[in-house]
Amino acid sequence: MTETFRHRYIQARRELIRRDFGFLNPEQLEAVMTVEGPLLLLAGAGSGKTTVLINRIVNLIRYGSAAESDYVPDTATEEDIAVMQAGPSEEAARLAAVDPVEPWRILAITFTNKAADELRSRLEQALGPASDDVWAQTFHSACVRILRREAERLGYSRSFTIYDTGDSQSLMKRILKEKDLDEKMFPYRYVLSVISSAKDARQDPETFAQAAAKAYDPRQKHIAGVYKEYQRQLREADAMDFDDLISNTVTLLEDYEDVRSYYQRRFRHVLVDEYQDTNNLQYLLASTLAGGHENICVVGDDDQSIYKFRGATIRNILEFESRFQGARTIRLERNYRSTAHILEAANGVIRNNSKRKRKRLWTEQGDGEQPALHIASNEHEEAQFVADCILEDFAKGVPWGDHAVLYRMNAQSNQLEYAFKRSGIPYRVYGGMKFFDRAEVKDMLSYLCVLANPADDLRLLRIVNTPPRGIGANSLEKAVAIAQENGMPLYRVLQNAGDYPELQRSASRMRQFTILMDELRSLSEQEPLDTLYDAVTERSGYLAALREKNTQENISRIENIGELKSNILSFIKETGDGSLHGFLDQVALYTDLDNLESGADAVVMMTIHSAKGLEFPTVFLVGAEEGIFPGLRAVGDPEEMEEERRLAYVAITRAMRKLWITCARQRMLFGRTSSNRVSRFVEEIPPEHLRTDRTASPFSGQRSEGAPQSRSPLSASRSAGREPIRPILTPSSGQGPAPDFRVKDRVEHISFGPGVITAMTPMGGDFLVEVSFEKVGPKRLMLRAAATKMTKQNDRDESGDAT
DNA sequence: CGCACCACAATTTTT
DNA sequence: TTGTGGTGCG
């Protein structure tokens, strides 16, 4: 074989792969074709990182290391070169592949189920069924998968229970109360976060206690005791909290050579998404799994690290190159999401952070519109301004769902909701009460958990008297004490309640309860999950208790219980796994079920945190004021301030075409009125990329008079007297004839039904009409759009026309 | 044992 | 301003 042939062969092969991924830009392509060794992808917002991740996996499976390899098979022929030169095809891929990676040797880790789902489905699209074997999982579900096989080595059973945040919190509250620690000094959230950090630092209760003994803060010693007790109770209940899932997996890999080498050999490539959000444990997990081959590819953006409060350390990304020898770094700076003005605004803000990797987003999409700042006089007006902008867009045919409103705190959503309701704008608030957090759903799940794991005292306590069975708190406390003393699960005590004189008063009811549960448990061994569930809801008396009172509340609870059943059914259908444990695992790790996409066309409202990873044509960033964003706590703390700034960066880069930033001169928050300066982040936007809109919203005058107190804007006071702008003209401007609507006209709307026009205001070549509908109340609509859905009724109001 | 009332506090939250 | 958690009474 001649050198030139070898050379041509390798060239043809590389060219083939390049062509196969020809839709990628040069940096993306480089990332995809860099196959071996540690790789850091600094992926700016909107730079197509998921695309890169997916195609990198596709490349590994399809071509293996061909893109970087000098290997030429002995059997290579001119014909082979010709096939490869002809372009991507199955045959060409087969010829070109060098040591292709089997799908099951790839581990791709994400943070959210949503991201994992997206990864899986896009891989499926690209690779077909072969993609099923790729481990595309969240950190937690990957760990559960490992632990379900190996947990016995750590002294748990294979069917250990997973405690979610709420469970951890209730357990912690119980312990703090038991230990009689002052809740002012020891708020459960704080204690939990200390324990979480301890776990992140690989400190077990003993090591933590040693460190605490030397600490200045006397609270640490108490917390050490709490930590010990917390872990003890988790153990007793055969339960792991979210941190334990990862921590225990790391322990398993560290302490058991055979387990470690099994997984290190199994996975030839480890990919980690959203690397800027990883904590120390997650870093340890990923790097241990990648140990040996060091084929670890991490994707992230240090500028979007906004979860420090949850233990994420930006150091993982900043120190990647020094921790992994020979690491390569590739920057993805080309942005496909936003127009240039928006990106420059984002660049201008983030430039003020000192701890970051150099990066500058750019685009070829053109300048677009400048971000605009609107200064409102108060929070009502701010909210109304947002609503008006959205109405105006809607009138132009822009769907509601193209708009997102982002705020720093959930508490800010209220005013906006009022404004949207008033204006007839459909909206969805993202991230409120989650389905699985509802009491009735947790109750039903607790029943299932206790059936699966009778040692789960926490869940047992939740349901033992829900619905009321006459088992009082006092006797329960006694039972808990007995269980503690004898080191046995509470369930056992309840079963044998008759043996303990102090329990005699409710002994029979306790026994009855365990008999019920035992029967249900035996049912769970014979019947499918959905049948079991029905039995639980009925025989526990839970549904019956709800049916007793026909309140709105109870009706919705019954609905939710039904909703959980459909969750069960679809779980069985989708996974083919009807096991109770399988379902509970999925639920424990899948709190994110109410997703955004499923909704109808509606404006989206959420915190900036929840917006990460999403994009919207138009974004409103509200409450851009000192003290709110950046929040009060960040002022005077440079680290916190940088985190807030990253948050600002995230917010700005969500916008594709139009960014509105709003603030209020005065705002009432938590019952107190304050006036704040405009956010420093706004001032950090280079002036040439920001338009300041100092005129108040076109309706501010009317709004502040009529809107706040009145539920019906058709109130007489409005039309009477001194309002000069009451158009009675027929709207005529703009293209197309607009129908002849006037104030006081009776109308019939397709979806809102009959109503009366109460006001019309000219606006951008159109009219904003206010209609008081009989059934749905007042709505504000843009006439041009509404005219197609609304007809004028002939029977005019008595006087004909006003004025 | 359940409900009503009153203090109190209150970023952000992928699992 | 809103929601939550604890206490006291019927």
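- At the phosphate of B:dT15, neither OP1 nor OP2 sits under 4.0 Å from any side-chain N or O atom of A:N279.
- Nearest nucleotide to the side chain of A:R633, out of B:dT15, B:dT11, B:dT12: B:dT11.
- A salt bridge does not link A:K177 with A:E183: every distance from a Lys NZ or Arg NE/NH1/NH2 to an Asp or Glu carboxylate oxygen is 4.0 Å or more.
- Picking from B:dT13, B:dT12, B:dT15 the nucleotide with the shortest atom distance to the side chain of A:R408 gives B:dT12.
- Looking at heavy-atom distances under 4.0 Å, A:G470 makes contact with sugar-phosphate atoms alone, never a base.
- With its glycosidic angle within 90° of 0, B:dT11 is assigned syn.
- Annotation: of the two residues near DNA chain B, A:S141 and A:H609, the 5′-most nearest-nucleotide partner is A:H609.
- Listed nucleotides B:dT14, B:dT15, B:dT13 differ in distance to A:D277; the shortest reach to its side chain belongs to B:dT14.
- Within the nucleic acid shown, A:G472 comes within 4.0 Å of sugar-phosphate atoms alone, with no base atom in reach, counting heavy atoms only.
- Residue contacts shown for A:A473 are limited to sugar-phosphate atoms, with no base heavy atom under 4.0 Å away.
- Ranking C:dT1, B:dT13, B:dC3 by closeness to the A:K549 side chain, first place goes to B:dC3.
- Using a 4.0 Å heavy-atom criterion, one finds that A:L281 contacts no nucleic acid atom at all.
- Computed from coordinates, the A:N410 CG to B:dT11 P distance equals 11 Å when rounded to whole Å.
- In this structure, A:Q137 reaches neither bases nor backbone, as no heavy-atom distance under 4.0 Å exists between it and the strands shown.
- In this structure, A:N465 reaches the sugar-phosphate backbone alone: every heavy-atom distance under 4.0 Å involves primed, P, OP1 or OP2 atoms, never a base.
- Note that the CD1 atom of A:I463 and the CG atom of A:D443 stand 8.5 Å from one another [nearest 0.5 Å].
- A:M172 has its CE atom 18 Å from the C1' atom of C:dG5, to the nearest Å.
- Screening A:L245, A:D244, A:L234 for a side chain to side chain contact (heavy atoms under 4.5 Å, CB included) with A:Y163, the sole residue that qualifies is A:L234.
- Judged by centroid separation below 5.5 Å and plane tilt below 30°, A:F139 does not stack onto the base of B:dT15.
- Ion pairing of A:E644 with A:R408 is present here, as a side-chain N (NZ or NE/NH1/NH2) and a carboxylate O approach within less than 4.0 Å.
- Between A:L176 atom CG and C:dG6 atom C1' there is a gap of 16 Å when expressed in whole angstrom units.
- Using a 4.0 Å heavy-atom distance criterion, A:K173 is classed as a sugar-phosphate-only contact.
- Taking atom CD1 of residue A:I306 and atom P of nucleotide B:dT12, one finds them 13 Å apart after rounding to whole Å.
- Between B:dT15 and A:N113, a contact under 4.0 Å exists linking OP1 or OP2 to a side-chain N or O.
- The distance from atom CG of A:D182 to atom P of C:dG6 is 13 Å, rounded to the nearest whole Å.
- Of the side-chain N and O atoms in A:T607, one or more sit less than 4.0 angstrom from OP1 or OP2 of B:dT13.
- Residue A:Y418 is classed as a sugar-phosphate contact, given heavy-atom separations below 4.0 Å to backbone atoms only.
- Candidate nucleotides C:dG6, B:dT15, B:dT11 were compared by shortest atom distance to the side chain of A:K177, and C:dG6 ranks first.
- In this structure, the CG atom of A:D167 is 13 Å from the C1' atom of B:dT15, given to the nearest Å.
- Per the geometry, NZ belonging to A:K184 stands 10 Å off P belonging to B:dA10, to the nearest Å.
- Closest contact between the side chain of A:P468 and the listed nucleotides B:dT14, B:dT11, B:dG2 involves B:dG2.
- Proximity of A:Y430 to the phosphate of B:dT12: no side-chain N or O atom is located under 4.0 Å from OP1 or OP2.
- Ring planes of A:F242 and A:H140: perpendicular class, angle over 60° (limits at 30 and 60°).
- Between A:N414 and C:dT1 there is no side-chain polar atom (N or O) within less than 4.0 angstrom of OP1 or OP2.
- With rounding to the nearest 0.5 angstrom, the NZ atom of A:K612 is 13.5 Å from the CE atom of A:M606.
- Residue A:S610 is classed as a sugar-phosphate contact, given heavy-atom separations below 4.0 Å to backbone atoms only.
- Remark: C1' of B:dT12 and CZ of A:F111 are 16 Å apart, rounded to the nearest angstrom.
- Rounded to whole Å, the separation between the C1' atoms of C:dG5 and B:dT12 comes to 23 Å.
- Both tests hold for A:R148 against A:F160: distance to the six-membered ring centre under 6.0 Å, angle to the ring axis within 45°.
- Nucleic acid contact class of A:Q412 (heavy atoms, under 4.0 Å, all strands): none.
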